[in-house]
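Structure first, commentary second.
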Amino acid sequence: MSRNIPEKPALEGLEAKWGAYWEEAGTYRFDRTRTRAEIFSIDTPPPTVSGSLHMGSVFGYVQTDAHARYRRMAGKEVFYPMGWDDNGLPTERRVQNYYGVKCDPSLPYDPDFTPPTEPPSPHLPISRRNFVELCHILTAEDEQVFENIWRSLGLSVDWTQTYATIDPHSQRTSQQAFLNNLIRGEAYSQEAPVLWDIDFQTAVAQAELEDRERPAAYHKVAFARPDGSPLYIESTRPELIISCVALVAHPDDERYQDLFGKTVTSPLFGVELPIRSHHLADPEKGTGIAMVCTFGDTTDVTWWRELDLPMRAVIQRDGRFLQTTPGWLEGKGAETYPQIAGLYPNQVQRKMIELLKESGDLEGEPRPITHPVKFYEQGDRPLEIVTSRQWFIRNGGRDDALRKEFLERGEALRWVPDFMGVRYRHWVEGLTGDWLISRQRFFGVAIPLWYPVLEDGSTDHENPIVPLDEQLPVDPSSHVPDGYEESQRGRPGGFVGDPDIMDTWATSSLTPQIAGHWIDDSDLWTRVFPMDIRPQGPEIIRTWLFSTTVRSHFEHGVLPWRTATINGWILDPDRKKMSKSKGNVVTPEDLMTEHSPEAVRYWACNGRPGTDTALDEGVIKIGRRLAIKILNAARFALGFTEEDLDRSHISEALDTSMLAGLAGVVAQATEAFEDYDYARALEITERSFWEWTDDYLELVKTRAYEDGPEASSAHASLQLALGIYLRLFAPFLPFVTEEVWSWWREGSIHRNPWPKGSEIGDVAGQPEVIDVASRVLTAVRRAKSDARVSMKVDVSRLEITADTLTIERLRRAESDLLAAARAIGIQYREGPFEVTVELATDTG
RNA sequence: GGGCGAUUAGCUCAGUUGGCUAGAGCACUGCCCUUACAAGGCAGGGGUCGGCGGUUCGAGUCCGUCAUCGCCCACCA
């Protein structure tokens, strides 16, 4: 076989060359004829396609790809799909900002609509259908950009197995799973207070909350006791006095014992309110007695529910106070209300402070504090609590038996690293309610239901009309349920479609079912499910990982995967090194262009599983150097003969010693990979490889340039070792290893078997021989370095003091050692290890 | 306020079940254009393993505690 080894091998161009080859040859195409036992399936995280890809994503995806490549070489058929998470609010936000539009569902569809060339301000209102069309256009563009990056990085994804969470198949899967949940009673709708974002005007789930420290102030407000004397409460939200339904204090709080069961009257509005006791009231906060409002916070909801209090809601879905005077106000209160009608809460607060000062019910000045306030994680204003009808899926938050089942699922899952399982447990233990899946938004999977409209014009939410399976995916706002006609929409005796969509997690919790084609390809499904691994980030354990577990538990009664591999967090480099002032935000594309994709992969694979890692360009540079080193070392190893020499030619002690060590490296790297510790596998391989180039290649060089059986032993050993090193590196550096492989082997390295110690087998000698030879060589180099002379300078006298065993080992590699050291002979002496070197230049 | 993780050389990080003078790369210093590699190679200097206590013959490794950083969670009066 003729070898085509470039004179000056380089990394540039390898990615394009081999990316095209793999696509052409179908190297990573999934072979669905294989059985479940032969398959390794990966529940790939679908990245959110909203703008640009971050180094944090690169980190996790490359690590997963290293696993995939290892398993593929180790004999598994790898099911490695790729998805795009494109439905939901992130896309809506991006479309709004990118095109300068906003969705107004009341507008008619404009088939000739084209988005403005420059985003106008204020944003241009467009119909729901036009808006959704823009979402599809923009996500398609973003997905192409992402796919190009993944391909450049060399992810060994089967690009015929792709999905998007908004595509018809995902919608159908999502709707079918929801309907199954509904039929089994795992999904239900309820009119209840929910956390509400007044800008997006949608409900949000517990998993999407975050606390932000916000300035506020305690306002000491007087309520009137029956005898007219003041009872002070301290509140950060005096604007909610109007929606107060009770005051509450701790049952053991001595200050308020005589008031429990009595009533007080609210300032300004004169509403009579009961004083109740509840253990959640904190005697330490404020005056120890609190307003219960409908609703100021989630504790209010608890008090309202557990103390069976009335509802006096004033904040509407748009965040404004009611336009009309609420029915529970009369007299003075009703006269006061118009001053705050239609205002936002912060405006009402200012007005209330003014009014309370006038009436003398505000004691002293407001006392500034900062406190945590709940926000929707993508929102800009604090969440309010609004009562509305929403859909929920049970998750154990209101059912201890079910909660226990999910905790047990978490116990049964293998976590890499194991401490990540604690996050799951804490989340499930801390759930306070079921999973709210409905969203009052536009770009997402519709809730696939209609409701009967009764003769009195009201909607019957208790008896939803369910679509036929073959209707899915269904859009209730445009499709008509079986047995009805479009003309009956919204009419008494007719129907209405559920206007809401599902939260994006309600669909992405079904990624195994979507990628594995649960609803339309049971043959594929049984070959890939339950999946082997779920790789993902730590921050979405509470959302994606947990919700996937919930859906699989209900639908299939099993864990969706055996193992969850949780990657670490990328620390922001801006904080330390890269100067923001230069405005050079480093993207994956930049780093790949500058240092090569292999170098970026090397950096990612250097991060330990689950360990936070800084973005360090220094590490990337090392990766580049390693890749170039592989090219050059391979050129050397393969440069002596065109002949493929098998291991029967290997006879020299240095060679068999090197191979014995390599067999150990193979064993350790394999063990690390089986343990999902790709980083350790890389470290072990890399360290061994550098020793191989620094020491073995130098020791064997002179002999390799000669002729005869000793030279053949060197050539055969170099080929054998190189073939093994390349395959050990292949999961990390797929391009350069493929390139070198192609110089003298057939087929893709990535479809060749993972190396085994048996390839070296009985050729393995004593690993210590090369170790001691290397020690002596280092001592000789040090002597030359100290003498500030070239390594080519001859050694006139080389005396080695060592124990008997070491001397015996050195003798076996003596000729190689002499050649590498440029010495003519060695004098051995017994004793503690010492090397004495006299250089030819010493005597002049 | 609670939980999890981290803290090892100037920087980025390894250190398996506690065990011989604590490792790597970058940076730094010196030498070498040696026919695989000068966007390289060889060699060298550099660390009270965050602090304080404890267990042990022996602690970077185990226990307690404190500090700092990161992430997650927490009932906004």
Side-chain angles (χ1 to χ4, degrees), chain A residues 5 8-9 209-212 214 216 218-219 233-237 240 244 247-249 280-282 285-293 295-303 369 371-375 382-383 385 417 419-423 425-427 429-430 432 538-539 541-542 568-569 571-573 576-577 603 606-608 610-619 621-622 624-626 628-639 668 671-672 675 677 679-680 683 686-687 690 693-694 697-698 701 705 777-778 780-793 820 822:
Chain A
I5 304 175
K8 193 89 175 157
L209 307 181
E210 67 181 29
D211 286 357
R212 297 182 198 164
R214 281 292 179 273
Y218 277 120
H219 302 80
I233 59 101
E234 283 200 295
S235 174
T236 57
R237 301 199 65 182
L240 291 176
C244 185
L247 299 188
V248 64
L280 283 180
D282 183 353
K285 281 189 183 171
T287 59
I289 189 163
M291 292 197 298
V292 181
C293 305
F295 297 94
D297 62 32
T298 52
T299 315
D300 283 341
V301 178
T302 306
W303 283 328
I369 57 159
H371 65 172
V373 178
K374 280 196 195 309
F375 281 73
L383 292 170
I385 294 174
F419 64 80
M420 290 293 182
V422 177
R423 298 193 183 204
R425 181 159 56 82
H426 287 167
W427 175 253
E429 284 173 350
T432 57
E539 76 284 6
I541 289 173
R542 63 177 179 159
W569 195 258
L571 301 176
D572 188 357
K576 306 198 164 162
K577 282 187 202 157
W603 162 76
N606 242 282
R608 254 57 190 175
T611 300
D612 297 348
T613 306
L615 175 53
D616 181 5
E617 253 187 291
V619 176
K621 287 178 182 168
I622 298 165
R624 179 181 173 83
R625 203 167 63 108
L626 173 64
I628 293 171
K629 189 78 173 177
I630 289 171
L631 289 172
N632 286 311
R635 208 169 83 82
F636 173 80
L638 299 175
Q668 288 181 61
E671 188 189 341
D675 217 23
D677 195 344
R680 193 155 57 89
E683 187 192 20
E686 189 188 4
R687 181 167 46 211
W690 281 105
T693 59
D694 291 349
L697 261 47
E698 292 302 322
K701 186 175 282 180
Y705 276 111
L777 182 61
T778 298
V780 171
R781 283 170 178 161
R782 185 184 300 125
K784 292 179 179 177
S785 189
D786 289 348
R788 304 187 168 193
V789 297
S790 163
M791 293 296 149
K792 279 162 73 175
V793 165
R822 291 175 180 268

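Model, not experiment: these values are computed from the prediction. Numbers restart at 1 for each chain; the letters A, B, ... are given by sequence-line order, proteins then strands.
- Between atom CH2 of residue A:Trp427 and atom CD1 of residue A:Ile541 there is a gap of 12.0 Å, rounded to the nearest 0.5 Å.
- Counting non-hydrogen atoms under 4.0 angstrom, A:Gly296 reaches a base of the nucleic acid.
- Residue-level contact check: A:Leu631 touches neither bases nor backbone, having no heavy atom under 4.0 Å from any strand.
- Across B:rA77, B:rA43, B:rC76, the shortest atom-to-atom separation from the side chain of A:Thr778 is found for B:rA43.
- With rounding to whole Å, A:Ile628 atom CD1 is found 10 Å from B:rA39 atom P.
- In this structure, A:Gln668 places its CD atom 14 Å from C1' of B:rG15, rounding to the nearest Å.
- In the set B:rG41, B:rC37, B:rA77, the nucleotide with an atom closest to the side chain of A:Ala281 is B:rA77.
- One can place CG of A:Leu626 at 18 Å from P of B:rC37, the figure rounded to the nearest angstrom.
- The base of B:rC76 does not come close enough to the side chain of A:Lys374 for any donor and acceptor atom to sit less than 3.5 Å apart.
- Heavy atoms of A:Thr432 sit nowhere under 4.0 angstrom from any nucleic acid atom.
- Within 4.0 Å of A:Glu698, counting heavy atoms only, lies at least one base atom of the nucleic acid.
- Within the nucleic acid shown, A:Thr611 comes within 4.0 Å of sugar-phosphate atoms alone, with no base atom in reach, counting heavy atoms only.
- Applying the side-chain hydrogen bond (donor to acceptor under 3.5 Å, both in side chains) criterion to A:Lys701, with sequence neighbours excluded, gives A:Glu698.
- Closest to the side chain of A:Arg423, out of B:rG3, B:rC71, B:rC13, is B:rC71.
- At the heavy-atom level, A:Arg608 lies under 4.0 Å from the strands shown only through sugar-phosphate atoms.
- Counting non-hydrogen atoms under 4.0 angstrom, A:Lys784 reaches nothing in the nucleic acid.
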Mark up nucleotides 19-27 of chain B, 5' to 3', with B wherever a protein heavy atom is under 4.0 angstrom from a base atom, S wherever such an atom reaches only the sugar-phosphate, and - elsewhere. ------SS-
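- Straight-line distance from the CG atom of A:Asp612 to the C1' atom of B:rC13: 13 Å, rounded to whole Å.
- One N or O on the side chain of A:Asp300 and one on the backbone of A:Asp297 form a donor-acceptor pair closer than 3.5 Å.
- Residue A:Glu429 contributes atom CD, which lies 12 Å from atom C1' of B:rG2 at whole-angstrom precision.
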What pairs of nitrogen or oxygen atoms, one from the protein and one from nucleotides 28-30 of chain B, lie under 3.5 Å apart?
unit_1: B:rG30; atom_1: N2; unit_2: A:Ser785; atom_2: OG; d: 3.0

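- Where A:Arg782 and A:Gly430 each meet RNA chain B at their nearest nucleotide, the meeting point lying more 5' is that of A:Arg782.
- Distance CD1/A:Ile369 to CZ/A:Arg214: 13.5 Å, rounded to 0.5 Å.
- Between the CE atom in A:Met291 and the CZ atom in A:Arg237 there is a gap of 9.0 Å [rounded to 0.5 Å].
- In this structure, A:Glu686 places its CD atom 16 Å from P of B:rC13, rounding to the nearest Å.
- B:rC42 is paired with B:rG30 under the Watson-Crick or G-U wobble criterion, all donor-acceptor distances under 3.5 Å.
- The separation between A:Asp300 atom CG and B:rC76 atom C1' is 9 Å, rounded to whole Å.
- The partner of B:rG25, taking Watson-Crick or G-U wobble pairs whose two distances both stay under 3.5 Å, is B:rC11.
- The base-pairing partner of B:rG60, taking Watson-Crick or G-U wobble contacts with both distances under 3.5 Å, does not exist among the strands shown.
- Spacing between B:rG25 and B:rA43 at atom C1', rounded to whole Å, works out to 16 Å.
- When rounded to the nearest whole Å, the span between NZ of A:Lys621 and C1' of B:rA39 equals 10 Å.
- Residue contacts shown for A:Asn606 are absent, as no nucleic acid heavy atom lies under 4.0 Å away.
- For B:rU7 and B:rC49, the P atoms lie 14 Å apart once the distance is rounded to whole Å.
- When each of A:Asp297 and A:Lys701 is assigned the nucleotide of RNA chain B with its nearest heavy atom, A:Lys701 is the one assigned upstream, toward the 5' end.
- Remark: B:rC71 base-pairs with B:rG3. Criterion, Watson-Crick or G-U wobble with two distances under 3.5 Å.
- Contact annotation for A:Leu638: no contact, since no heavy-atom pair falls under 4.0 Å across all strands.
- Atom CZ in A:Arg608 sits 4.5 Å away from atom CD in A:Glu683 (nearest 0.5 Å).
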